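Note that the coordinates shown come from a computational prediction; the quantities given were computed from them, not determined experimentally.
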Amino acid sequence: MLSETTLSNTEPTPSLTNFEVKDEDLPEFRDMRFENINELHLDHPGASDEDYRRRRDYIASLSKNFRETGTITDVEYTEQEQTIWRTVATRLEEIQSRCASTFYLDAKRKLGISTERIPQLSEMNKRLNKLCNFRLAPIEGLVETRGFLSWLSYRTMLCTQYIRHHSRPEYTPEPDIVHEAIGHIPNFTNCDFADFSQFIGHGARIATDEQLEELGRLYWFTVEFGLVEENGELKAYGAGLLSSFGELENAFTDNVERRPFNLEQVINTPYDYSDMQPILYVIPSYAYLKETTRKYIESFNKHP
Ligand SMILES: [Fe+2]
């Protein structure tokens, strides 16, 4: 679902060396315009569950409220929601202990993300802010690519707060708090990764439509489905891998072709989000990813 997004007119000019983003540099969240991003699609496991829909709408309304007030409202998750979290987080943790990067596993601990309870965006924000000047902002649904990526240029990631339906704890067709907190958020404790994310954000703000598609592929094969080489072993750091039992197990089988990261190849490789990933790319380090992406985004200015 595409929606129109606008950022404030007073936004500062993008700069690839401007890592410091102070609160006063942020555009007004209330100026963000999103249309119909809270739609629940018919293929969602909770689509015909009225109670689930009502609860999801309520949590989404708290996220929407943030855009008016700028203050994050913590969600009082129900026992049923906590049970879904415990079930999924426990099973993922077991697979991650073998397959996830050690940096990621440490980061999860640093942020206080446990199998016991759903973490609040506000508490993770405090740590992220101190570590690499990164922040999370609640959002009530899936945002179109340019709008979503552009916020990364302010070292801000838009995150949903609701959780998947209890009938299928292993699956969600949309980003939920499991995908955000177990998949994405720990990576922002690595300053190279946070800088890399900011470069993607800068790129999204100045990209042509064609360049935006390339950026979408770069994001997919790194932020969502990236592997990293760590002490001679391949480990997962992509959120789509780390938050999915099936994808995480599959990533290390013969079903997948694991290729060394090559930016030119990555930005030209199509993907299918509806199926298991047959190709994954391995970065040698986050610092390499950051520097390669910096050069790539700088080329946007030279060849608009
Ligand atoms: Fe994601």
Point to revise | Whether Gln120 side chain and Val75 backbone form a donor-acceptor pair below 3.5 Å | key: yes
Practice item. Is it possible for you to check whether Arg56 lies under 6.0 Å from the centre of the six-membered ring of Tyr162, through NZ or CZ, and within 45° of that ring's axis? Key: yes
Review point. Does Glu94 offer a backbone N or O that forms a donor-acceptor pair with the side chain of Ser97 under 3.5 Å?
Key: yes
Revision key, fill the gap. ring-ring contact (aromatic ring centres under 6.0 Å, His included) pairs touching residues 45-95, sequence neighbours excluded, are Phe29-Phe66, His44-Tyr52, Tyr52-His165
Check your understanding: Any sub-3.5 Å donor-acceptor pair from Arg135's side-chain atoms to Tyr154's backbone N or O?
Key -> yes
Check your understanding: Sub-3.5 Å donor-acceptor pair from the side chain of Glu214 to the main-chain atoms of Ile267, do we have one?
Key -> no
**Study point:** Identified ring pair (Phe, Tyr, Trp, His ring centres under 6.0 Å) partner of Tyr237 from the options Tyr104, Phe103, Tyr286
**Key:** Tyr286
Review point. If every non-hydrogen atom of Met124 is compared with every non-hydrogen atom of Ala181, which pair is closest and at what distance?
Key: CE-CB, 4.2 Å
Review point. Has the side chain of Thr156 got a donor or acceptor atom that lies under 3.5 Å from a matching backbone atom of Leu152?
Key: no
Point to revise | Charged N-O contact under 4.0 Å between Arg54 and Asp57 | key: no
Check your understanding: Okay, side chain of Asn133, backbone of Arg155: is any donor-acceptor separation there less than 3.5 Å?
Key -> no
**Study point:** Qualifying ring-ring contact (aromatic ring centres under 6.0 Å, His included) pairs, either residue in residues 108-142, two or more places apart
**Key:** Phe134-Phe188
Practice item. Could I get the full list of ring pair (Phe, Tyr, Trp, His ring centres under 6.0 Å) partners for Tyr271, not counting sequence neighbours? Key: Trp220
Check your understanding: Has Glu210 got more than 12 heavy atoms of other residues, nucleotides or ligands less than 6.0 Å from its CD?
Key -> no
Review point. Taking the side chain from Thr69 and the backbone from Thr71, do they hold a donor-acceptor pair closer than 3.5 Å?
Key: yes
Check your understanding: Sub-3.5 Å donor-acceptor pair from the side chain of Gln161 to the main-chain atoms of Ala60, do we have one?
Key -> no
